[in-house]
Amino acid sequence: MTAIAFRPRLLAGWATDASRDDLAAHLARHGPLPRLTPDALIARVDAAGLRGRGGGGFPTAAKLRAVAAGRRRRPVVVANGCEGEPASHKDAALLDCAPHLVLDGIALVAHALGATTAILAVHVGAADRVREEVAARRDRVPVRVEEVPGRYVASEETAVVQYLSGGPALPTTSPPRPGERGIRGAPTLVDNVETLAQLALIARYGPAWFRETGTPDLPGTLLVTTGGAVQAPGVVEVPAGTPVRAVLDLAGGPTELVQAVLSGGYGGAWLGAPAIDTALSHTALREAGSVLGVPTLLALPARACGLTQTAHLVRYLSGESAGQCGPCRFGLPAVADDLTAIACATRDAPAAADRLARRLGLVTARGACALPDGAARLTRSALHVFAADLRDHLRGRPCGGAAAAPLFPVVHG
Amino acid sequence: MTRRLRVDPIACAGHGLCADLLPDHIDLDEWGYPILDDGRRTAPLDPDEIRAARAAIAACPTLALRLDLESGGRV
Ligand SMILES: Cc1cc2nc3c(=O)[nH]c(=O)nc-3n(C[C@H](O)[C@H](O)[C@H](O)COP(=O)(O)O)c2cc1C
Ligand code: SF4
Ligand code: SF4
(Lines give C-alpha, C1' and ligand atoms only; values in the text may rest on other atoms or scores of the structure.)
(Ligands and ions follow the chains in the order given, each with its own letter.)
Protein backbone atom coordinates (compact mmCIF):
# COMPACT_ATOMS: atom_id res chain seq x y z
CA MET A 1 0.00 0.00 0.00
CA THR A 2 2.23 2.75 -1.26
CA ALA A 3 -0.79 4.88 -2.09
CA ILE A 4 -1.21 6.39 1.35
CA ALA A 5 2.42 7.42 1.84
CA PHE A 6 1.56 10.93 0.74
CA ARG A 7 -0.17 13.92 2.25
CA PRO A 8 -3.64 14.87 1.11
CA ARG A 9 -3.64 18.27 -0.52
CA LEU A 10 -7.27 19.27 -1.01
CA LEU A 11 -8.48 17.36 2.02
CA ALA A 12 -5.51 18.23 4.26
CA GLY A 13 -7.77 19.78 6.91
CA TRP A 14 -10.03 16.78 6.94
CA ALA A 15 -7.07 14.41 7.22
CA THR A 16 -5.56 16.17 10.25
CA ASP A 17 -8.59 16.95 12.43
CA ALA A 18 -11.67 15.87 10.50
CA SER A 19 -13.06 19.38 10.37
CA ARG A 20 -13.87 21.97 7.76
CA ASP A 21 -11.33 24.72 7.17
CA ASP A 22 -13.07 28.02 7.85
CA LEU A 23 -11.37 31.15 6.51
CA ALA A 24 -9.00 31.49 9.47
CA ALA A 25 -7.94 27.84 9.35
CA HIS A 26 -7.58 28.05 5.57
CA LEU A 27 -5.31 31.12 5.79
CA ALA A 28 -3.28 29.52 8.56
CA ARG A 29 -2.76 26.42 6.42
CA HIS A 30 -2.15 27.99 3.01
CA GLY A 31 -1.38 31.67 3.58
CA PRO A 32 -2.92 34.50 1.55
CA LEU A 33 -3.61 34.29 -2.18
CA PRO A 34 -0.59 35.25 -4.30
CA ARG A 35 -0.97 38.18 -6.68
CA LEU A 36 -0.38 36.89 -10.18
CA THR A 37 -0.77 38.57 -13.54
CA PRO A 38 -3.24 36.80 -15.85
CA ASP A 39 -0.39 35.53 -18.03
CA ALA A 40 1.56 34.25 -15.04
CA LEU A 41 -1.43 32.35 -13.69
CA ILE A 42 -2.22 30.72 -17.04
CA ALA A 43 1.47 29.86 -17.55
CA ARG A 44 1.56 28.14 -14.15
CA VAL A 45 -1.59 26.16 -14.82
CA ASP A 46 -0.19 25.17 -18.21
CA ALA A 47 3.17 24.07 -16.78
CA ALA A 48 1.38 22.13 -14.05
CA GLY A 49 -0.54 20.17 -16.72
CA LEU A 50 -3.83 20.59 -14.85
CA ARG A 51 -6.72 18.71 -16.44
CA GLY A 52 -10.39 19.33 -15.69
CA ARG A 53 -11.83 17.21 -12.89
CA GLY A 54 -15.44 17.40 -14.13
CA GLY A 55 -15.15 14.24 -16.23
CA GLY A 56 -13.66 15.19 -19.57
CA GLY A 57 -10.07 15.79 -18.47
CA PHE A 58 -9.58 18.71 -20.87
CA PRO A 59 -6.47 20.86 -20.21
CA THR A 60 -7.58 23.76 -18.02
CA ALA A 61 -4.99 26.23 -19.37
CA ALA A 62 -6.36 25.78 -22.91
CA LYS A 63 -9.88 26.58 -21.71
CA LEU A 64 -8.63 29.67 -19.89
CA ARG A 65 -6.76 30.86 -22.98
CA ALA A 66 -9.76 30.30 -25.24
CA VAL A 67 -12.03 32.40 -23.03
CA ALA A 68 -9.35 35.07 -22.57
CA ALA A 69 -8.77 35.31 -26.34
CA GLY A 70 -12.39 35.54 -27.42
CA ARG A 71 -13.00 38.49 -25.17
CA ARG A 72 -15.37 40.86 -26.89
CA ARG A 73 -17.55 40.98 -23.81
CA ARG A 74 -16.59 40.55 -20.17
CA PRO A 75 -16.42 36.84 -19.43
CA VAL A 76 -18.35 35.09 -16.68
CA VAL A 77 -16.85 32.43 -14.43
CA VAL A 78 -18.92 29.46 -13.28
CA ALA A 79 -17.67 26.91 -10.76
CA ASN A 80 -19.59 23.69 -11.35
CA GLY A 81 -20.21 22.08 -7.97
CA CYS A 82 -23.51 20.43 -8.85
CA GLU A 83 -22.20 16.89 -8.97
CA GLY A 84 -24.97 15.40 -11.08
CA GLU A 85 -23.35 11.97 -11.10
CA PRO A 86 -25.23 9.94 -8.46
CA ALA A 87 -22.22 7.75 -7.62
CA SER A 88 -19.96 10.72 -6.90
CA HIS A 89 -19.69 12.69 -3.65
CA LYS A 90 -16.30 14.28 -4.11
CA ASP A 91 -17.46 17.81 -4.93
CA ALA A 92 -19.76 17.85 -1.91
CA ALA A 93 -16.87 16.60 0.26
CA LEU A 94 -14.56 19.27 -1.13
CA LEU A 95 -17.05 22.10 -0.61
CA ASP A 96 -17.61 20.79 2.87
CA CYS A 97 -13.95 20.44 3.92
CA ALA A 98 -12.12 23.10 1.95
CA PRO A 99 -14.61 25.63 0.55
CA HIS A 100 -11.99 28.40 0.53
CA LEU A 101 -9.74 26.54 -1.91
CA VAL A 102 -12.64 26.53 -4.36
CA LEU A 103 -13.39 30.19 -3.67
CA ASP A 104 -9.70 31.05 -4.11
CA GLY A 105 -9.74 29.29 -7.47
CA ILE A 106 -12.78 31.31 -8.53
CA ALA A 107 -11.11 34.57 -7.41
CA LEU A 108 -7.94 33.71 -9.35
CA VAL A 109 -9.63 32.90 -12.66
CA ALA A 110 -12.06 35.81 -12.34
CA HIS A 111 -9.10 38.15 -11.95
CA ALA A 112 -7.17 36.51 -14.80
CA LEU A 113 -10.12 36.79 -17.20
CA GLY A 114 -11.26 40.23 -16.10
CA ALA A 115 -14.64 38.78 -15.16
CA THR A 116 -17.00 40.81 -13.00
CA THR A 117 -19.49 37.99 -12.50
CA ALA A 118 -18.59 34.76 -10.72
CA ILE A 119 -21.10 32.07 -9.87
CA LEU A 120 -20.71 28.95 -7.76
CA ALA A 121 -23.37 26.47 -8.88
CA VAL A 122 -24.39 23.79 -6.38
CA HIS A 123 -27.29 21.38 -6.02
CA VAL A 124 -30.59 22.34 -4.48
CA GLY A 125 -30.19 22.54 -0.71
CA ALA A 126 -26.42 22.94 -0.71
CA ALA A 127 -26.13 26.73 -1.00
CA ASP A 128 -26.59 28.00 2.56
CA ARG A 129 -23.44 26.52 4.09
CA VAL A 130 -21.24 27.77 1.27
CA ARG A 131 -22.84 31.22 1.42
CA GLU A 132 -21.63 31.56 5.02
CA GLU A 133 -18.07 31.00 3.86
CA VAL A 134 -18.48 33.40 0.94
CA ALA A 135 -19.76 36.07 3.35
CA ALA A 136 -16.58 35.76 5.45
CA ARG A 137 -14.38 36.77 2.48
CA ARG A 138 -13.67 40.06 0.81
CA ASP A 139 -13.30 39.02 -2.82
CA ARG A 140 -12.96 41.71 -5.46
CA VAL A 141 -15.44 39.82 -7.62
CA PRO A 142 -18.22 38.75 -5.25
CA VAL A 143 -19.25 35.12 -5.68
CA ARG A 144 -22.94 34.37 -6.18
CA VAL A 145 -23.99 30.93 -4.98
CA GLU A 146 -26.82 29.50 -7.09
CA GLU A 147 -28.74 26.26 -6.70
CA VAL A 148 -29.29 24.14 -9.79
CA PRO A 149 -31.97 21.40 -9.92
CA GLY A 150 -30.67 18.00 -8.89
CA ARG A 151 -31.10 16.14 -12.18
CA TYR A 152 -28.25 14.38 -13.94
CA VAL A 153 -28.22 16.52 -17.08
CA ALA A 154 -28.95 19.78 -15.22
CA SER A 155 -25.26 20.09 -14.34
CA GLU A 156 -23.92 19.52 -17.86
CA GLU A 157 -22.25 22.81 -18.74
CA THR A 158 -24.68 24.05 -21.41
CA ALA A 159 -27.60 23.20 -19.09
CA VAL A 160 -26.00 25.16 -16.24
CA VAL A 161 -25.44 28.08 -18.59
CA GLN A 162 -29.03 28.03 -19.87
CA TYR A 163 -30.37 27.80 -16.30
CA LEU A 164 -28.20 30.64 -15.02
CA SER A 165 -29.38 32.71 -18.00
CA GLY A 166 -32.95 32.36 -16.78
CA GLY A 167 -34.00 29.33 -18.86
CA PRO A 168 -34.68 25.68 -18.03
CA ALA A 169 -31.84 23.50 -16.69
CA LEU A 170 -31.55 21.54 -19.95
CA PRO A 171 -28.59 21.13 -22.30
CA THR A 172 -28.50 23.27 -25.44
CA THR A 173 -27.11 22.45 -28.86
CA SER A 174 -23.43 23.18 -29.27
CA PRO A 175 -21.55 24.76 -30.92
CA PRO A 176 -21.50 27.41 -29.58
CA ARG A 177 -19.78 26.10 -26.44
CA PRO A 178 -20.11 28.21 -23.27
CA GLY A 179 -16.55 29.49 -23.79
CA GLU A 180 -17.71 31.18 -27.00
CA ARG A 181 -21.23 32.18 -26.01
CA GLY A 182 -22.41 31.37 -22.50
CA ILE A 183 -24.44 33.13 -19.83
CA ARG A 184 -26.61 35.78 -21.46
CA GLY A 185 -24.26 35.62 -24.45
CA ALA A 186 -21.02 36.35 -22.53
CA PRO A 187 -18.05 34.00 -22.97
CA THR A 188 -18.28 31.71 -19.95
CA LEU A 189 -15.65 29.58 -18.29
CA VAL A 190 -17.28 26.54 -16.70
CA ASP A 191 -14.86 24.61 -14.50
CA ASN A 192 -15.46 21.88 -12.00
CA VAL A 193 -14.97 22.95 -8.36
CA GLU A 194 -12.13 20.47 -7.83
CA THR A 195 -10.37 21.85 -10.90
CA LEU A 196 -10.53 25.33 -9.37
CA ALA A 197 -9.31 24.11 -5.97
CA GLN A 198 -6.33 22.41 -7.64
CA LEU A 199 -5.70 25.65 -9.53
CA ALA A 200 -5.61 27.56 -6.24
CA LEU A 201 -2.90 25.17 -4.97
CA ILE A 202 -0.90 25.56 -8.20
CA ALA A 203 -1.05 29.36 -7.88
CA ARG A 204 0.44 29.12 -4.38
CA TYR A 205 2.90 26.26 -4.59
CA GLY A 206 3.79 26.20 -8.29
CA PRO A 207 3.81 23.67 -11.13
CA ALA A 208 6.88 21.71 -9.97
CA TRP A 209 5.27 21.06 -6.59
CA PHE A 210 2.01 20.09 -8.33
CA ARG A 211 3.82 17.52 -10.46
CA GLU A 212 5.52 15.89 -7.47
CA THR A 213 2.64 13.47 -7.40
CA GLY A 214 0.44 11.91 -10.09
CA THR A 215 1.53 10.89 -13.59
CA PRO A 216 3.24 12.99 -16.30
CA ASP A 217 0.00 13.04 -18.28
CA LEU A 218 -2.28 13.53 -15.28
CA PRO A 219 -0.30 15.31 -12.57
CA GLY A 220 -1.60 15.93 -9.07
CA THR A 221 -4.11 14.21 -6.87
CA LEU A 222 -7.65 13.01 -7.58
CA LEU A 223 -10.70 12.94 -5.37
CA VAL A 224 -12.25 9.51 -5.84
CA THR A 225 -15.59 8.27 -4.56
CA THR A 226 -15.82 4.58 -3.72
CA GLY A 227 -18.99 2.58 -3.23
CA GLY A 228 -20.59 -0.84 -3.49
CA ALA A 229 -18.94 -3.80 -1.81
CA VAL A 230 -16.23 -1.96 0.17
CA GLN A 231 -15.91 -1.63 3.95
CA ALA A 232 -15.76 2.16 4.14
CA PRO A 233 -17.32 3.77 1.07
CA GLY A 234 -16.69 7.48 0.70
CA VAL A 235 -14.28 10.02 -0.76
CA VAL A 236 -10.51 9.57 -0.75
CA GLU A 237 -7.76 11.72 -2.20
CA VAL A 238 -5.07 9.76 -4.02
CA PRO A 239 -2.23 10.51 -6.43
CA ALA A 240 -3.41 10.20 -10.03
CA GLY A 241 -2.12 6.87 -11.34
CA THR A 242 -2.93 4.95 -8.16
CA PRO A 243 -4.15 1.43 -9.07
CA VAL A 244 -7.87 0.72 -8.69
CA ARG A 245 -7.12 -2.04 -6.17
CA ALA A 246 -5.15 0.33 -3.92
CA VAL A 247 -8.03 2.81 -3.87
CA LEU A 248 -10.46 0.05 -2.89
CA ASP A 249 -8.01 -0.93 -0.11
CA LEU A 250 -8.04 2.66 1.13
CA ALA A 251 -11.81 2.31 1.34
CA GLY A 252 -11.29 -0.56 3.77
CA GLY A 253 -11.06 -3.23 1.09
CA PRO A 254 -13.83 -5.45 -0.29
CA THR A 255 -16.57 -6.74 2.00
CA GLU A 256 -16.91 -9.87 -0.11
CA LEU A 257 -15.65 -11.36 -3.36
CA VAL A 258 -15.75 -8.68 -6.08
CA GLN A 259 -16.22 -9.59 -9.76
CA ALA A 260 -16.01 -6.18 -11.45
CA VAL A 261 -15.66 -2.47 -10.74
CA LEU A 262 -17.64 0.31 -12.40
CA SER A 263 -15.33 3.23 -13.13
CA GLY A 264 -16.33 6.71 -14.26
CA GLY A 265 -19.85 6.84 -12.86
CA TYR A 266 -23.10 5.62 -14.34
CA GLY A 267 -22.00 6.76 -17.77
CA GLY A 268 -18.64 5.02 -17.30
CA ALA A 269 -17.64 1.43 -17.97
CA TRP A 270 -17.06 -1.86 -16.14
CA LEU A 271 -13.60 -3.16 -15.42
CA GLY A 272 -13.37 -6.93 -15.04
CA ALA A 273 -11.41 -8.51 -12.18
CA PRO A 274 -8.24 -8.92 -14.33
CA ALA A 275 -8.17 -5.12 -14.78
CA ILE A 276 -8.20 -4.41 -11.03
CA ASP A 277 -4.63 -3.08 -11.09
CA THR A 278 -5.30 -0.49 -13.80
CA ALA A 279 -3.95 2.94 -12.89
CA LEU A 280 -6.41 5.78 -12.33
CA SER A 281 -5.66 7.95 -15.35
CA HIS A 282 -7.53 8.84 -18.52
CA THR A 283 -5.07 6.93 -20.72
CA ALA A 284 -4.68 3.76 -18.66
CA LEU A 285 -8.40 3.35 -18.07
CA ARG A 286 -9.20 3.98 -21.73
CA GLU A 287 -6.70 1.29 -22.70
CA ALA A 288 -8.42 -1.05 -20.25
CA GLY A 289 -11.77 -0.40 -21.98
CA SER A 290 -13.10 1.97 -19.33
CA VAL A 291 -12.87 5.66 -18.49
CA LEU A 292 -11.72 7.83 -15.60
CA GLY A 293 -14.62 10.25 -16.13
CA VAL A 294 -15.72 11.58 -12.76
CA PRO A 295 -13.50 9.34 -10.63
CA THR A 296 -15.81 6.83 -8.94
CA LEU A 297 -15.19 3.16 -8.26
CA LEU A 298 -18.17 0.96 -7.50
CA ALA A 299 -17.34 -2.62 -6.51
CA LEU A 300 -19.78 -5.24 -7.77
CA PRO A 301 -20.00 -8.36 -5.58
CA ALA A 302 -19.58 -11.74 -7.25
CA ARG A 303 -23.07 -12.80 -6.15
CA ALA A 304 -24.68 -9.99 -8.17
CA CYS A 305 -25.68 -10.23 -11.85
CA GLY A 306 -23.70 -7.63 -13.78
CA LEU A 307 -26.27 -7.60 -16.60
CA THR A 308 -29.18 -6.99 -14.22
CA GLN A 309 -27.35 -4.26 -12.33
CA THR A 310 -26.41 -2.60 -15.62
CA ALA A 311 -30.04 -2.79 -16.75
CA HIS A 312 -31.05 -0.92 -13.57
CA LEU A 313 -28.47 1.78 -14.22
CA VAL A 314 -29.41 2.18 -17.90
CA ARG A 315 -33.09 2.39 -16.93
CA TYR A 316 -32.12 5.15 -14.51
CA LEU A 317 -30.13 7.02 -17.17
CA SER A 318 -33.02 6.67 -19.60
CA GLY A 319 -35.28 8.30 -16.99
CA GLU A 320 -32.78 11.15 -16.69
CA SER A 321 -32.96 11.92 -20.41
CA ALA A 322 -34.12 15.45 -20.95
CA GLY A 323 -36.29 14.09 -23.78
CA GLN A 324 -35.11 16.80 -26.15
CA CYS A 325 -33.29 14.69 -28.75
CA GLY A 326 -35.07 11.84 -30.56
CA PRO A 327 -32.24 9.29 -30.47
CA CYS A 328 -31.90 9.80 -26.69
CA ARG A 329 -35.60 10.10 -25.89
CA PHE A 330 -36.60 6.98 -27.82
CA GLY A 331 -33.26 5.19 -27.96
CA LEU A 332 -32.45 4.96 -24.25
CA PRO A 333 -35.76 3.34 -23.23
CA ALA A 334 -35.34 0.89 -26.14
CA VAL A 335 -31.79 0.06 -25.01
CA ALA A 336 -33.00 -0.36 -21.42
CA ASP A 337 -35.81 -2.69 -22.62
CA ASP A 338 -33.39 -4.84 -24.64
CA LEU A 339 -31.02 -5.09 -21.72
CA THR A 340 -33.88 -5.98 -19.36
CA ALA A 341 -35.00 -8.78 -21.69
CA ILE A 342 -31.44 -10.12 -21.65
CA ALA A 343 -31.11 -9.73 -17.88
CA CYS A 344 -34.37 -11.61 -17.33
CA ALA A 345 -33.32 -14.24 -19.90
CA THR A 346 -36.72 -14.09 -21.59
CA ARG A 347 -37.42 -16.00 -24.79
CA ASP A 348 -36.96 -12.72 -26.63
CA ALA A 349 -33.41 -12.29 -25.22
CA PRO A 350 -31.46 -13.44 -28.34
CA ALA A 351 -33.49 -11.09 -30.57
CA ALA A 352 -33.02 -8.32 -28.00
CA ALA A 353 -29.25 -8.84 -28.12
CA ASP A 354 -29.29 -8.32 -31.91
CA ARG A 355 -31.45 -5.20 -31.62
CA LEU A 356 -29.23 -3.91 -28.83
CA ALA A 357 -26.06 -4.20 -30.93
CA ARG A 358 -27.67 -2.03 -33.62
CA ARG A 359 -29.28 0.44 -31.23
CA LEU A 360 -26.07 1.14 -29.31
CA GLY A 361 -24.73 2.60 -32.56
CA LEU A 362 -27.90 4.66 -33.01
CA VAL A 363 -27.72 6.40 -29.63
CA THR A 364 -24.01 7.25 -29.72
CA ALA A 365 -22.93 10.82 -30.59
CA ARG A 366 -26.40 11.83 -31.75
CA GLY A 367 -27.69 13.80 -28.78
CA ALA A 368 -26.96 17.36 -27.74
CA CYS A 369 -25.17 16.13 -24.64
CA ALA A 370 -23.14 13.04 -23.75
CA LEU A 371 -25.80 11.32 -21.60
CA PRO A 372 -26.76 8.77 -24.28
CA ASP A 373 -23.09 8.15 -25.12
CA GLY A 374 -22.46 7.28 -21.49
CA ALA A 375 -25.43 4.90 -21.38
CA ALA A 376 -24.16 3.19 -24.55
CA ARG A 377 -20.63 2.94 -23.13
CA LEU A 378 -21.89 1.38 -19.90
CA THR A 379 -24.01 -1.13 -21.84
CA ARG A 380 -21.22 -2.09 -24.25
CA SER A 381 -18.82 -2.66 -21.39
CA ALA A 382 -21.37 -4.89 -19.61
CA LEU A 383 -21.83 -7.05 -22.70
CA HIS A 384 -18.04 -7.41 -22.88
CA VAL A 385 -17.10 -7.85 -19.20
CA PHE A 386 -20.05 -10.12 -18.42
CA ALA A 387 -19.79 -12.06 -21.70
CA ALA A 388 -19.94 -15.47 -20.01
CA ASP A 389 -23.13 -14.49 -18.15
CA LEU A 390 -24.52 -13.08 -21.39
CA ARG A 391 -24.14 -16.47 -23.11
CA ASP A 392 -26.03 -18.17 -20.27
CA HIS A 393 -28.79 -15.58 -20.28
CA LEU A 394 -29.23 -15.95 -24.04
CA ARG A 395 -29.61 -19.71 -23.54
CA GLY A 396 -32.39 -19.06 -21.05
CA ARG A 397 -30.21 -19.78 -18.02
CA PRO A 398 -29.94 -16.59 -15.93
CA CYS A 399 -27.65 -16.51 -12.91
CA GLY A 400 -28.82 -16.34 -9.28
CA GLY A 401 -28.73 -12.55 -9.02
CA ALA A 402 -30.81 -11.96 -12.15
CA ALA A 403 -33.97 -10.63 -10.51
CA ALA A 404 -32.21 -8.68 -7.74
CA ALA A 405 -33.00 -5.10 -6.82
CA PRO A 406 -30.55 -2.28 -7.68
CA LEU A 407 -27.33 -2.33 -5.62
CA PHE A 408 -26.43 1.25 -6.49
CA PRO A 409 -28.66 4.29 -5.90
CA VAL A 410 -31.09 4.94 -8.77
CA VAL A 411 -33.33 7.60 -7.25
CA HIS A 412 -34.09 10.52 -9.54
CA GLY A 413 -32.99 13.87 -8.11
CA MET B 1 -14.53 25.39 -49.32
CA THR B 2 -16.19 22.16 -48.19
CA ARG B 3 -19.50 22.58 -46.47
CA ARG B 4 -20.92 20.33 -43.81
CA LEU B 5 -24.58 19.65 -43.20
CA ARG B 6 -25.42 19.62 -39.51
CA VAL B 7 -28.58 18.61 -37.68
CA ASP B 8 -29.54 20.22 -34.40
CA PRO B 9 -30.75 17.20 -32.39
CA ILE B 10 -32.85 19.33 -30.06
CA ALA B 11 -34.67 21.22 -32.80
CA CYS B 12 -35.22 18.15 -35.00
CA ALA B 13 -38.71 16.71 -34.59
CA GLY B 14 -38.17 13.63 -36.74
CA HIS B 15 -40.42 14.64 -39.62
CA GLY B 16 -38.09 12.89 -42.04
CA LEU B 17 -38.65 15.29 -44.94
CA CYS B 18 -34.92 15.86 -45.25
CA ALA B 19 -34.27 12.19 -46.00
CA ASP B 20 -36.55 12.41 -49.06
CA LEU B 21 -34.74 15.47 -50.35
CA LEU B 22 -31.16 14.31 -49.68
CA PRO B 23 -31.35 10.52 -49.81
CA ASP B 24 -27.63 10.17 -50.57
CA HIS B 25 -26.69 11.68 -47.24
CA ILE B 26 -29.60 11.13 -44.87
CA ASP B 27 -31.15 7.92 -43.61
CA LEU B 28 -33.79 7.72 -40.93
CA ASP B 29 -33.36 5.62 -37.81
CA GLU B 30 -36.10 3.36 -36.47
CA TRP B 31 -37.66 6.31 -34.65
CA GLY B 32 -37.70 8.55 -37.72
CA TYR B 33 -34.70 10.74 -36.85
CA PRO B 34 -32.04 11.56 -39.44
CA ILE B 35 -28.71 9.75 -39.51
CA LEU B 36 -26.22 11.82 -41.45
CA ASP B 37 -23.58 9.94 -43.32
CA ASP B 38 -20.81 10.03 -40.81
CA GLY B 39 -23.26 8.17 -38.59
CA ARG B 40 -23.58 11.18 -36.32
CA ARG B 41 -24.84 14.68 -36.63
CA THR B 42 -22.94 16.09 -39.62
CA ALA B 43 -22.25 15.19 -43.27
CA PRO B 44 -19.63 16.68 -45.64
CA LEU B 45 -21.08 17.86 -48.97
CA ASP B 46 -19.63 18.25 -52.46
CA PRO B 47 -20.09 21.69 -54.06
CA ASP B 48 -22.70 20.33 -56.52
CA GLU B 49 -24.80 19.08 -53.62
CA ILE B 50 -25.16 22.44 -51.92
CA ARG B 51 -28.30 23.33 -53.86
CA ALA B 52 -30.09 20.12 -52.83
CA ALA B 53 -28.92 20.65 -49.27
CA ARG B 54 -30.36 24.16 -49.26
CA ALA B 55 -33.68 22.73 -50.43
CA ALA B 56 -33.66 20.26 -47.53
CA ILE B 57 -32.76 23.03 -45.10
CA ALA B 58 -35.65 25.15 -46.38
CA ALA B 59 -38.06 22.22 -46.18
CA CYS B 60 -37.30 21.30 -42.57
CA PRO B 61 -40.33 22.47 -40.59
CA THR B 62 -38.33 23.06 -37.39
CA LEU B 63 -35.25 24.74 -38.94
CA ALA B 64 -33.10 21.93 -37.54
CA LEU B 65 -30.67 21.72 -40.46
CA ARG B 66 -27.88 24.08 -41.27
CA LEU B 67 -24.79 24.36 -43.37
CA ASP B 68 -21.47 24.88 -41.64
CA LEU B 69 -18.06 25.69 -43.01
CA GLU B 70 -15.78 22.70 -42.66
CA SER B 71 -13.94 24.52 -39.87
CA GLY B 72 -17.12 24.80 -37.84
CA GLY B 73 -18.16 28.39 -38.51
CA ARG B 74 -21.76 29.00 -39.51
CA VAL B 75 -22.64 30.01 -43.08
C1 LIG C 1 -24.86 14.63 -18.36
C2 LIG C 1 -23.67 15.40 -17.86
C3 LIG C 1 -23.61 15.81 -16.54
C4 LIG C 1 -22.52 16.54 -16.06
N5 LIG C 1 -22.49 16.89 -14.73
C6 LIG C 1 -21.41 17.58 -14.26
C7 LIG C 1 -21.33 17.96 -12.89
O8 LIG C 1 -22.23 17.66 -12.10
N9 LIG C 1 -20.24 18.66 -12.46
C10 LIG C 1 -19.22 19.00 -13.32
O11 LIG C 1 -18.26 19.63 -12.90
N12 LIG C 1 -19.26 18.64 -14.62
C13 LIG C 1 -20.32 17.96 -15.11
N14 LIG C 1 -20.37 17.62 -16.44
C15 LIG C 1 -19.26 18.07 -17.29
C16 LIG C 1 -19.48 19.53 -17.66
O17 LIG C 1 -20.29 19.59 -18.82
C18 LIG C 1 -18.18 20.27 -17.94
O19 LIG C 1 -17.47 19.56 -18.90
C20 LIG C 1 -17.30 20.47 -16.72
O21 LIG C 1 -17.98 21.15 -15.70
C22 LIG C 1 -16.06 21.24 -17.12
O23 LIG C 1 -15.19 21.37 -16.02
P24 LIG C 1 -13.67 20.91 -16.04
O25 LIG C 1 -13.04 21.38 -17.32
O26 LIG C 1 -13.11 21.53 -14.85
O27 LIG C 1 -13.69 19.41 -15.97
C28 LIG C 1 -21.46 16.88 -16.93
C29 LIG C 1 -21.52 16.45 -18.26
C30 LIG C 1 -22.59 15.72 -18.73
C31 LIG C 1 -22.60 15.28 -20.16
S1 SF4 D 1 -28.94 13.88 -25.46
FE2 SF4 D 1 -30.64 13.28 -24.12
S3 SF4 D 1 -30.17 14.16 -22.12
FE4 SF4 D 1 -28.82 15.17 -23.62
S5 SF4 D 1 -29.95 17.02 -24.26
FE6 SF4 D 1 -30.53 15.43 -25.71
S7 SF4 D 1 -32.38 14.48 -24.84
FE8 SF4 D 1 -31.41 15.67 -23.20
S1 SF4 E 1 -36.79 17.54 -41.86
FE2 SF4 E 1 -35.97 18.61 -40.05
S3 SF4 E 1 -37.25 17.92 -38.34
FE4 SF4 E 1 -37.59 16.51 -40.07
S5 SF4 E 1 -36.13 14.83 -39.68
FE6 SF4 E 1 -35.14 16.26 -41.06
S7 SF4 E 1 -34.02 17.60 -39.68
FE8 SF4 E 1 -35.48 16.55 -38.40
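Sequence lines set the chain letters: A, B, ... in the order given, protein chains first and strands last, and positions in each chain run from 1.
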Looking only at heavy atoms, which two atoms of [X] and [Y] are closest? And how far apart?
X      : Y      : value
B/P9   : A/R366 : CB-O, 3.4 Å
B/D29  : A/P327 : OD2-CG, 4.2 Å
A/G326 : B/Y33  : CA-CZ, 3.3 Å

Answer with side chain, backbone, both or neither: which region of A/A322 has an atom nearer than 4.5 Å to a non-hydrogen atom of chain B? neither
Examine whether an atom of A/P176 lies under 4.5 Å from a heavy atom of chain B, and if so say whether it belongs to the side chain, the backbone or both; otherwise answer neither.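 The answer is neither part of A/P176.
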Within a 6.0 Å radius of atom CZ on A/R355, are there more than 12 heavy atoms belonging to other residues, nucleotides or ligands?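 Check passes, neighbour count above 12.
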Measure the OG1-CG distance between A/T172 and B/D8 for me, rounded to the nearest 0.5 Å.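 If we round to the nearest 0.5 Å, A/T172:OG1 and B/D8:CG are 9.0 Å apart.
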